[in-house]
Undergrad: 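Questions regarding the structure given below will be posed in turn.
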Amino acid sequence: MTSNDEYVLQLLREQGYVTDEQLDVASKSMREGNETTLDVLVASAVVSEDDVLGVIAEQFGIKYVSIDPSAIDPEISKTLDADLAHKYGVVPVMRDSDTLTVALSDPMGFDAVDSLRYVLHGLDVQAVLAPAAEVKAAMDKLYPSGADEVVARSDDGFGGDESADGDDAPVIRLCSLLLSNAIKMKASDIHLEPMEKEFRVRYRIDGALRKMDSPPKRLQGAILSRIKIMSKIKISEKRIPQDGRIQINVGGRDLDLRVSTVPTNHGESIVMRILDKSNLALGLPQLGFLSDDQNKFERLIRLSDGVVLVTGPTGSGKTTTLYACLGQINTPDKKLITVEDPVEYQMSGVNQVQVNRDVGLDFSAALRSILRQAPNIVMIGEIRDSETADIAMEAALTGHLVFSTLHTNDAPSAVTRLTDMGVKPFLVASALRAAMAQRLVRAICTNCKEEYVPTERDLKMLGSIAKTVPDHMYVGKGCAKCNGGYKGRKGIFEIFEVDDTIQRLIFDHAPSSVLRERAREMGMRTLREDGMLKVASGMTSLREVLQATMGDAD
């Protein structure tokens, strides 16, 4: 009945015009041919044409009107010739100075309006929705010789072309384009942000936000509703934040999109985080480890028990590192269980538990239960409270290897964070094997990488570690294969390993500065030092390392 009945049915159901039972009955009542569920609903008077067009008009932010063909000035047909009217399925109804108002009956035919604006340059074309019969009558009056063509286009009652693929609807097509472009550009996030006078779209590429061409502001509501439908969240609820998920396949790659909505002054802001399952195949070398740190970390993740933590701020790649660890040690002779909020990637051979606070299944409750499943290795998405931390430490002391994350600036501070949560120092000292802090830095594009000699300003910015700067550094000049000289991201790391001396210091409530000093004596590289080695190797730039480690201790 329209060029995307599924979209319209979702809107009608969400706004209470039809029930699930009515949809089921209508679906089972369809006869052979071009009849759709929406046709049956209208024919059986469950909903009216006015209901359908009114709901669509509201979503698109345009007017739904009734037009009187006899009141239309025939002279207006000179503004839009018959060929264009038939091609785009619209009829002109009013001309006011430089604005032409056209009526259409296909709720998803708004791409016609954009096309007309281009063809009729100099005129601002505005659209209204009107009943199909009224549009047809107006078309018959203004362009009588083309009446048969209009009947052929509108014989379904709403002006929809039943031979058209639903994906050809403009909003559907635009949403698909937003997703496919983001994936082609290797974006990690898509930001849809309603502003006062524009509907802003930005992609996060290699950690930096990049503004894209903005869709028409009038399509803001329709685009946001379409994304919410794809995410299986309520499109009628616009007052509170909501979370959802989209699963798609692009070019043979399975992708998950985590969707988050937040109400703002000018509409709902939506962020979609793109989770590429191909990242599960990443090994430790692909994360950016230098060989000695990689050997050390591989040894730590193969221990038989203890707690290994990955620390850093949000967006520093902690989850990716944990998944890479699980992928490395996932063998048939070990039982692996994870507790996550949410489960970001489905991993073959791993038992993954989704936190559900609505039914009382938080991290601590899930962790207590899974320990009765006799796992060898447990991964906790994040240690957020003292109860979860205590259970994790006790699990490590009873023969389990536990991986988790913490939000701390550096690795030794993980000890302070745990004790601040209320975990007894003797538990931390006995259970903690290591903590690794990490940051992500943009990698220099290998296609346009060039050497340069550090400037005095560079050396001044480095301060006390200027003596470690190599004679030559590298920079990406920018090319068609990268984003401003960078392509992809790599990690810089700081591995804090707990030895007997550090255990005693933890037990004696030593501050993190003392723990850090002892770790440096053992050979721990700081985040900045690790970054500088990667600057010397040409992996990243000096500016990237300085920005990523700003405020961190040397």
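Computed over heavy atoms, backbone and side chain alike; hydrogens, waters and symmetry mates excluded.
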Undergrad: If every non-hydrogen atom of I274 is compared with every non-hydrogen atom of A182, which pair is closest and at what distance?
TA: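 Result for this residue pair: CD1-CB, 4.0 Å.
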Undergrad: Is there side-chain contact between R520 and E529, with heavy atoms separated by less than 4.5 Å?
TA: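 Yes, at least one pair of side-chain atoms sits under 4.5 Å.
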Undergrad: Quick test of your reading of the model: are R384 and E382 salt-bridged, counting only N-O distances below 4.0 Å?
TA: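 Between E382 and R384 there is a salt bridge, with a charged N closer than 4.0 Å to a carboxylate O.
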Undergrad: Among L432, V307, V428, which residue meets the side-chain contact (heavy atoms from CB on, under 4.5 Å) test with V498?
TA: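 Only one of L432, V307, V428 forms a side-chain contact (heavy atoms from CB on, under 4.5 Å) with V498, namely L432.
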Undergrad: Return the set of residues passing side chain to side chain donor-acceptor pair (under 3.5 Å) with S512 (not counting sequence neighbours), or none when no residue passes.
TA: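 S512 satisfies side chain to side chain donor-acceptor pair (under 3.5 Å) with no other residue.
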Undergrad: Would you give the length of the straight line joining atom CG of N409 to atom CD of E494, rounded to the nearest 0.5 angstrom?
TA: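 Taking CG in N409 and CD in E494, the distance rounds to 10.0 Å.
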Undergrad: Evaluate the criterion side chain to side chain contact (heavy atoms under 4.5 Å, CB included) for residue pair F496 and V415; output intermediate values, then yes/no.
TA: CA-CA 10 Å; F496 170 72; V415 173; 4.0 Å; yes
Undergrad: Measure across M532 and V545 and return the closest heavy-atom pair with its distance rounded to 0.1 Å.
TA: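 Heavy atoms of M532 and V545 come nearest at N-CG1, 4.3 Å.
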Undergrad: Output the distance between atom CG (L322) and atom OG1 (T338), rounded to the nearest 0.5 Å.
TA: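 Between atom CG of L322 and atom OG1 of T338 there are 10.0 Å.
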Undergrad: Do E497 and M524 have side-chain heavy atoms sitting under 4.5 Å apart?
TA: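 Answer no - side chains too far apart.
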Undergrad: Using a 4.5 Å cut-off on heavy atoms from C-beta on, say whether the side chain of R525 contacts that of L290.
TA: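 They are in side-chain contact.
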Undergrad: I need the E340 CD to Q352 CD distance, nearest 0.5 Å.
TA: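 The CD atom of Q352 is 5.0 Å from CD of E340, to the nearest 0.5 Å.
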Undergrad: Write down the atom of L174, the atom of P215, and the distance for their closest heavy-atom approach.
TA: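 Scanning both residues, the minimum pair turns out to be CD2-CB, 3.8 Å.
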Undergrad: Which residues pass the side chain to side chain contact (heavy atoms under 4.5 Å, CB included) test with K449, sequence neighbours left out?
TA: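 Counting only residues at least two positions away or on another chain, K449 forms a side chain to side chain contact (heavy atoms under 4.5 Å, CB included) with I444, Y474.
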Undergrad: Only one of R439, K490, R442, K534 forms a side-chain contact (heavy atoms from CB on, under 4.5 Å) with E544, so which one is it?
TA: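 Among R439, K490, R442, K534, the one meeting side-chain contact (heavy atoms from CB on, under 4.5 Å) with E544 is R442.
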Undergrad: Mind listing the closest non-hydrogen atom pair of Q503 and S430 along with its distance?
TA: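 Between these two residues, the closest heavy atoms are NE2-CA, 4.2 Å.
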Undergrad: Which heavy atom of C479 sits nearest a heavy atom of N447, and at what distance?
TA: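 So the two residues come closest at SG-ND2, 3.3 Å.
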Undergrad: If I take atom NZ from residue K318 and atom OH from residue Y323, how far apart are they, to the nearest 0.5 angstrom?
TA: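 Here the rounded value is 13.5 Å.
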Undergrad: Under the side chain to side chain donor-acceptor pair (under 3.5 Å) test, which residues partner S413, sequence neighbours left out?
TA: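 S413: side chain to side chain donor-acceptor pair (under 3.5 Å) contacts with D410.
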Undergrad: Quick test of your reading: applying side chain to side chain donor-acceptor pair (under 3.5 Å), list the pairs with at least one residue in residues 416-426, sequence neighbours left out, ordered by first then second residue.
TA: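 Side chain to side chain donor-acceptor pair (under 3.5 Å) check on residues 416-426 returns no pairs.
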Undergrad: Pairs in or reaching into residues 285-317: which pass ring pair (Phe, Tyr, Trp, His ring centres under 6.0 Å), with residues at least two apart or in two chains?
TA: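 Checked against ring pair (Phe, Tyr, Trp, His ring centres under 6.0 Å) - neighbours excluded - the pairs reaching residues 285-317 are F289-F297, F289-F493.
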Undergrad: When you measure from the side chain of Q242 to the backbone N and O of K234, does any donor-acceptor pair fall under 3.5 Å?
TA: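 Such a contact is found between Q242 side chain and K234 backbone.
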Undergrad: Please round to the nearest 0.5 Å and tell me the distance separating atom OG of S537 and atom CE of M473.
TA: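 Atom-to-atom, S537:OG and M473:CE are 12.5 Å apart.
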Undergrad: Which residues pass the side chain to side chain contact (heavy atoms under 4.5 Å, CB included) test with R13, sequence neighbours left out?
TA: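 With neighbours one apart ignored, the set is Q10, V18, D20, L23.
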Undergrad: Do S225 side-chain atoms and I235 backbone N/O form a donor-acceptor pair below 3.5 Å?
TA: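 Absent.
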Undergrad: Which residues satisfy the side chain to side chain contact (heavy atoms under 4.5 Å, CB included) test with A389, sequence neighbours excluded?
TA: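 Residues passing side chain to side chain contact (heavy atoms under 4.5 Å, CB included) with A389: I383, L418, M421, V423.
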Undergrad: Quick one: does D508's side chain have a donor or acceptor within less than 3.5 Å of a partner on A510's backbone?
TA: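 Not confirmed, D508 side chain does not pair with A510 backbone.
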Undergrad: Just verifying a value: how many Å separate S214 OG and L219 CG, rounded to the nearest 0.5 Å?
TA: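 Between S214 OG and L219 CG, I get 12.0 Å after rounding to 0.5 Å.
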Undergrad: Considering only distance and modelled atom types, tabulate donor-acceptor pairs under 3.5 Å from the side chains of residues 366-379, sequence neighbours left out.
TA:
| from | atom 1 | to | atom 2 | distance (Å) |
| --- | --- | --- | --- | --- |
| R368 | NH1 | E387 | OE2 | 2.4 |
| S369 | OG | A365 | O | 3.2 |
| N376 | OD1 | K335 | N | 2.7 |

Undergrad: Determine which pairs satisfy salt bridge (charged side-chain N to carboxylate O under 4.0 Å, His left out) with at least one residue from residues 235-248, sequence neighbours left out, and list them in order.
TA: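 Output for this query lists E237-R239, R245-D256.
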Undergrad: Checking side chain to side chain contact (heavy atoms under 4.5 Å, CB included) for the pair R504/D500: CA distance, chi angles, key distance, verdict?
TA: CA-CA 6 Å; R504 289 193 295 271; D500 292 340; 4.0 Å; yes
Undergrad: Got more than 12 heavy atoms from elsewhere within 6.0 Å of CZ, F507?
TA: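 Atom CZ in F507 is not packed in, count stays at 12 or less.
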Undergrad: Which is it for S304 and L401 under the side chain to side chain contact (heavy atoms under 4.5 Å, CB included) test, yes or no, and what are the steps along the way?
TA: CA-CA 6 Å; S304 59; L401 180 59; over 6 Å; no
Undergrad: Quick test of your reading: applying salt bridge (charged side-chain N to carboxylate O under 4.0 Å, His left out), list the pairs with at least one residue in residues 425-434, sequence neighbours left out, ordered by first then second residue.
TA: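 Of all non-adjacent pairs touching residues 425-434, those that pass salt bridge (charged side-chain N to carboxylate O under 4.0 Å, His left out) are D305-R433.
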Undergrad: Taking side-chain contact (heavy atoms from CB on, under 4.5 Å) as the criterion, tell me which of H191, M185, R204 meets it with R210.
TA: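 Exactly one option meets the side-chain contact (heavy atoms from CB on, under 4.5 Å) with R210, and it is M185.
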Undergrad: Short question: side chain of T405, backbone of V310 - any donor-acceptor pair under 3.5 Å?
TA: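 Between the backbone of V310 and the side chain of T405 there is no qualifying donor-acceptor contact (under 3.5 Å).
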Undergrad: Are the side chains of F199 and L224 in touch, meaning some heavy atoms are under 4.5 Å apart?
TA: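 Result yes, sub-4.5 Å side-chain heavy-atom pair found.
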Undergrad: According to the ring pair (Phe, Tyr, Trp, His ring centres under 6.0 Å) rule, which pairs have a member within residues 385-444, sequence neighbours left out?
TA: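 Every pair satisfying ring pair (Phe, Tyr, Trp, His ring centres under 6.0 Å) with a residue in residues 385-444: there are none.
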Undergrad: For K186, does the NZ atom have more than 12 heavy-atom neighbours from other residues, nucleotides or ligands under 6.0 Å away?
TA: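 Atom NZ in K186 is not crowded, with 12 or fewer foreign heavy atoms closer than 6.0 Å.
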Undergrad: Is it true that a side-chain atom of Q328 and a backbone atom of I301 form a donor plus acceptor pair closer than 3.5 Å?
TA: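 Answer holds: no.
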Undergrad: Quick one, I502 and M522 - any side-chain contact, counting heavy atoms below 4.5 Å?
TA: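 The answer is yes, as the side chains (C-beta and beyond) meet within the 4.5 Å cut-off.
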Undergrad: Are the side chain of K228 and the backbone of G244 linked by a donor-acceptor contact shorter than 3.5 Å?
TA: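 Absent.
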Undergrad: Are any of the side-chain heavy atoms of V402 and M393 separated by less than 4.5 Å?
TA: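 They are not in contact (no side-chain heavy atoms under 4.5 Å apart), so the answer is no.
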Undergrad: Going by the side-chain contact (heavy atoms from CB on, under 4.5 Å) test, name the single residue among L209, N483, I190 that passes it with Y203.
TA: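 Single pass found, and it is I190.
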Undergrad: Is it the case that over 12 heavy atoms from other parts of the model lie below 6.0 angstrom from the CG atom of D333?
TA: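 Atom CG in D333 is crowded, with more than 12 foreign heavy atoms closer than 6.0 Å.
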Undergrad: Tell me, do I246 and S231 make a side-chain contact under 4.5 Å, heavy atoms counted?
TA: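 Yes, their side chains come closer than 4.5 Å.
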Undergrad: So do the side chains of L300 and I495 get within less than 4.5 Å of each other, counting heavy atoms only?
TA: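 Side chain of L300 against side chain of I495, heavy atoms only: contact under 4.5 Å found.
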Undergrad: With sequence neighbours excluded, what pairs up with Q354 under the side chain to side chain contact (heavy atoms under 4.5 Å, CB included) test?
TA: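 Partners of Q354 under the side chain to side chain contact (heavy atoms under 4.5 Å, CB included) test: D341, P342, V343.
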Undergrad: Are more than 12 heavy atoms from other residues, nucleotides or ligands located less than 6.0 Å from atom CZ of R518?
TA: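 Atom CZ in R518 is crowded, with more than 12 foreign heavy atoms closer than 6.0 Å.
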Undergrad: State, to 0.1 Å, how close P241 and P263 come at their nearest heavy-atom pair, and which atoms those are.
TA: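 Of all heavy-atom pairs spanning P241 and P263, the closest is N-CD, 3.8 Å.
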